[in-house]
Amino acid sequence: MKYITEYRNKQRVEKLLDAIHAEATGSYHLMEVCGSHTHAIRRHGLQSLLPDQIRLLSGPGCPVCVSDQSYIDKIIALAGYKDMIIATFGDLLRVPGTEKSLQVCREEGADIRVVYSPMQALDLAKQYPGRQVIFPAIGFETTAPSSAVTLRQAKSANQNNFSLLSAHKLMPPAMQAVINEGVRLNGYICPGHVSTITGSGIYHVFPEKYNVATVIAGFEPTDILQAVLMLVRQINNRNFKTEIQYIRAVRPEGNPKAKAIMNDVFVRADDSWRGFGNLPNSGLQPGPEYAGWDAGLKFTIPTPQKTENGKCICGEILQGKKQPESCTLFASLCTPQNPVGACMVSAEGSCQAHYKYRNYETQN
Amino acid sequence: MKHKIELGHGSGGLMTRELINEVFTKILDNRWLKAEGDSAVFKSEKEHIAFTTDSYVITPMFFPGGDLGKLAVCGTVNDLAVAGARPVYLTAGFILEEGLSLDVLQKIVKSMKKEADKAGVNVVAGDTKVVKKGQADGMYINTSGVGFVDNKFSGLAEGKLICKGDVILVNGSLGDHEAAIINARESLFETSPLISDCASLNGMVGSLLEQCSSVRFMRDITRGGLAGILQEIADMTNQGVEIREEWLPFSDPVTAFCETLGYEPLHFANEGKCILVVSPEEAGKALALMQAHEHGRNAARIGEITAEHPGGIVMETSVGGKRIIEPPVAEKVPRIC
């Protein structure tokens, strides 16, 4: 199939692996900060093909995982309101809040529906004019433009029974926070999807200020391996810069139209991250013109009392400080069937990825 | 005859009779139904009997490649066939929602009849209940089925015959049914050629069993997808399963659908696909037999049973990596981005 088979070509993969094995003479700690990269690396079994001195770490790239538990609690509180429809991405359903998940709420009778896009949520609002529809908007710069477009349309159509509870987050503050936390790191595999919107400029600070190699990568095996090779070369030559491997999708300037819409609708705000706490100017909230469609302003939401499981180390895993296997709950009390932390819930979460892969590694 | 289902159609009175006579007996037409007994009485053969039941609830009721009626027949026929049985009799229980159009009901029952004829089975008993509007989604069907099993195949359903080194085959592309259903239900890609594989497999399975003496196990690959069935095999045998990604048959539309939305096609349900575990000596013959059949054209060898990693499924990825395959955990959801 076009755009897939050529990027999963075994001969090309072997050629890249030969070069990596030949050139990787040092020690490389490379962090990916996109859930789709985590997923692709595990899905294709790429870590098992790389030399031991290259360690791939998963950072704060899964939109579900980085959303603070209080965010889930807020949606759960809203779901209990009369005549309310929560129209959410499916990934959020099973994330545990303080007391329960949205899935449990749905079983208890709340009207919670899975949608594939914010636009579908807006359609629901049109379909049920007598009810309120809230879209929990999560994700990074990749998904924020589609939320922005939806808000614009809701406003121009005067669709007053639609609103959005934003937990949209920005990538660079989290990448900066990982470095501030002192995580041992000499390369970033930068998120391809985010970069199609933002362009490459947002990463310059990492090579320039911190000597961290940065390569924007695509999501197929040859993309990721080529990016790893580019990172190895930057690190070997101590020639730190921002390179684009994913040239078929990412331009240095990004997508100006999407950026303009995002900047028009959203304003930057401090935001709370699982694992990092409050990070200044790291989130996006609807601007003053869109206050009427901001569920956070439209509804009174009780401030939830946070009581996360004290033993869950999702936070440190998201910071890249610890691996899932070092958590006492991992694979015993916390499994994909009964997740304790968000990183075990999402297919993009590193705990779930490690869980799926665990047997093979322990048996070999 | 009214044009919509009313609560009275489930009353057991005249309206019920009329519905039974005008729709079910008339369309499904056979001597057991016409006898109007509380049970169908049929002659046993000197063999084992396979008996199964399944309920069918699907939205949308009509989808590319099939409908609720066709599904209700081939689903139960396939459950019998993969147990080594020759399916012969089905029962059908209908839960109808008040207000259902009679036209729709007739279409569904006609589709059942067509598929039953194709599979060589008769629907010999039935039941109808009508529930109030809003208490069901149009129509649900339960079918139970009886089939006869040759004594020599009576252990087939339990998986006890599976040995290390046995070869795993499937009869064609995977994931088509569920991809087609999600696509139709969510109105995602209007022009997509996705089509359900919904089909009765008893013909193909029957000829395989007749001509191959070392078929160890069969299972239809429905809910839970290939990953779910392989996990069952690994669990029941305490052996390992190894598959190769490049050998897995997926159609381009299913691959495109799953890549676009972030679904795992190994978790997708099928309604016309089965897995066959066979001795290595007969694998080639079994594969050729499948490929000669209309429901096995794209049959493929996908892997084998191994003594390594007992209880686990390992896939060699198309780029040569290794990964553990897990069965689906809960409701399938697309990924965010």
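Order of the sequence lines sets the chain letters (A, B, ...), proteins ahead of strands, with each chain counted from 1.
- In this structure, no portion of A/L17 lies under 4.5 Å from any heavy atom of chain B.
- Residue A/P336 touches chain B through both its backbone and its side chain, counting heavy-atom pairs closer than 4.5 Å.
- Residue pairs satisfying the salt bridge (charged side-chain N to carboxylate O under 4.0 Å, His left out) criterion with at least one member in residues 221-238 of chain B, sequence neighbours excluded, are listed as follows: B/R219-B/E232.
- Options A/K10, A/R12, A/R43, A/E14 differ in how many heavy-atom pairs under 4.5 Å they form with chain B, and the most are formed by A/R43.
- For A/Y116, the part lying under 4.5 angstrom from a heavy atom of chain B is the side chain only.
- The local environment of CD in A/Q127 is crowded, with over 12 non-hydrogen atoms from other residues, nucleotides or ligands closer than 6.0 Å.
- Ranking B/V319, B/T255, B/D252, B/I325 against chain A, the residue ahead of the rest is B/V319, based on heavy-atom pairs under 4.5 Å.
- Closest approach of B/G321 to A/S48, counting heavy atoms only: CA-OG, 3.8 Å.
- For A/Q11, no part sits under 4.5 Å from any heavy atom of chain B, backbone or side chain.
- Heavy atoms from other residues, nucleotides or ligands lying under 6.0 Å from CG of A/D18 number more than 12.
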Please tabulate, for the side chains in residues 179-188 of chain B, all donor-acceptor contacts under 3.5 angstrom to protein atoms that are two or more places apart in sequence or on a different chain.
{"unit_1": "B/N183", "atom_1": "OD1", "unit_2": "B/F189", "atom_2": "N", "d": "2.8"}
{"unit_1": "B/N183", "atom_1": "ND2", "unit_2": "B/F189", "atom_2": "O", "d": "3.1"}

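- Looking only at distances, no side-chain donor or acceptor of B/R323 sits under 3.5 Å from a matching main-chain atom of A/G45.
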*Take B/E259 and A/Y3 through the test side-chain contact (heavy atoms from CB on, under 4.5 Å) and record every step on the way to the result.*
CA-CA 11 Å; B/E259 291 289 338; A/Y3 300 123; over 6 Å; no
